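I have placed the structure first, in the form of structure tokens, so that the comments after it can refer back to it.
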Number of protein chains: 2
Amino acid sequence: MEKLKLYDAEYKFACLIWDNEPINSTDLVRLCAEKLGWKKSTTYTVLKKLCDRGILQNQDAVVTARVKREDVQKFESTTLVEKSFDGSLPKFLTAFLGERKITQQEAEELKQIIEEATQ
Amino acid sequence: MEKLKLYDAEYKFACLIWDNEPINSTDLVRLCAEKLGWKKSTTYTVLKKLCDRGILQNQDAVVTARVKREDVQKFESTTLVEKSFDGSLPKFLTAFLGERKITQQEAEELKQIIEEATQ
DNA sequence: AGTTGGGGTTTATCGAAATAGACCTAAGGG
DNA sequence: CCCTTAGGTCTATTTCGATAAACCCCAACT
């Protein structure tokens, strides 16, 4: 299950599905035409690839996701932190914040999340 | 100056420069051959592109960076958070941590970083 | 004068992501 | 019975990131 890597077009496509599943495939073609400017065959091509990779499924013209959005997000964020920050979350956070300032409230929220992940 | 986006090969290359600047271009060719398995022309091709984009510079065969590693890292992390998490750092953090647990010490470090960014 | 090595540029190749064209089959309506 | 439409496949085409081949200039050395 290591193919959680989605390319840009695939990711946008998957987002439409996460936001609308379960969705009929013909409706999906319409939606992609509208939101992404895709032709019918483009939609089916990408859909098939993601189905083959086990990310989505298409049964009786009903498309659903087999992989949760959070799993893909986690994969992406982990990949970035590993690639650019030695796997170090503090390094990531330092870079992300830079000179940026956050409000008291955001800070509390973040600390809460950290608290909950502390063993 | 909005072209801080580096592709994978470009990023690896830039890392070598950040780690070794200032570096003579011929030495850089050697280094890339060793570390990345690149031919001379590959090195010069990528070098030129990054110079044209203002990321690096090559003056009298001495290569240096014009953009700081931190700026690229900040751009990358910001881009990810915007693309996948609505620009919300808490959402990112939640996804990144998932079921993962962190040690007391890491938690302290993170909270410290947050503290410093709180206005 | 010929060769070697440093310092490059210009143009090409190659694979893969992104997108689409052409075509196919089955069901249903007039 | 023909035509349309839903639902889909298979095979291009286009684009671009990654990599390199071939070539060029010039200074130094022999």
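Numbers restart at 1 for each chain; the letters A, B, ... are given by sequence-line order, proteins then strands. Predicted model, so just to flag it, every value in this text is computed and none were measured.
- Between the side chains of B:Q112 and B:E116, at least one donor N or O sits under 3.5 Å from an acceptor N or O.
- Proximity of A:Y44 to the phosphate of D:dT9: no side-chain N or O atom is located under 4.0 Å from OP1 or OP2.
- Within the 4.0 angstrom heavy-atom criterion, base atoms lie near A:K40.
- In this structure, the side chain of B:T94 engages the main chain of B:P90 through a donor-acceptor pair within 3.5 Å.
- For B:N58 and C:dG8, the shortest distance from a side-chain N or O to OP1 or OP2 is below 4.0 Å.
- Between B:F92 and A:F92, the ring-plane angle classifies as parallel under the 30° and 60° cut-offs.
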Item to complete: Report the C-alpha separation of A:S84 and B:Q73 in whole Å, then their side-chain angles, then the decisive distance to 0.1 Å, and conclude whether the side-chain hydrogen bond (donor to acceptor under 3.5 Å, both in side chains) test is met.
Response: CA-CA 7 Å; A:S84 295; B:Q73 289 179 333; 5.8 Å; no
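- Remark: C1' of D:dT19 and NZ of B:K35 are 21 Å apart, rounded to the nearest angstrom.
- Under a 4.0 Å N-O distance rule, the pair A:R30/A:D27 qualifies as a salt bridge.
- Cation-pi check for A:K40 over A:Y44 is not met; the charged atom does not lie both under 6.0 angstrom from the ring centroid and within 45 degrees of its normal.
- With the nearest nucleotide of DNA chain C identified for both B:R30 and B:K48, B:R30 has the one nearer the 5' end.
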Worksheet entry | Protein proximity profile, nucleotides 11-20 of chain C - base contact B, sugar-phosphate-only contact S, no contact -, cut-off 4.0 Å on heavy atoms | ------SSBB
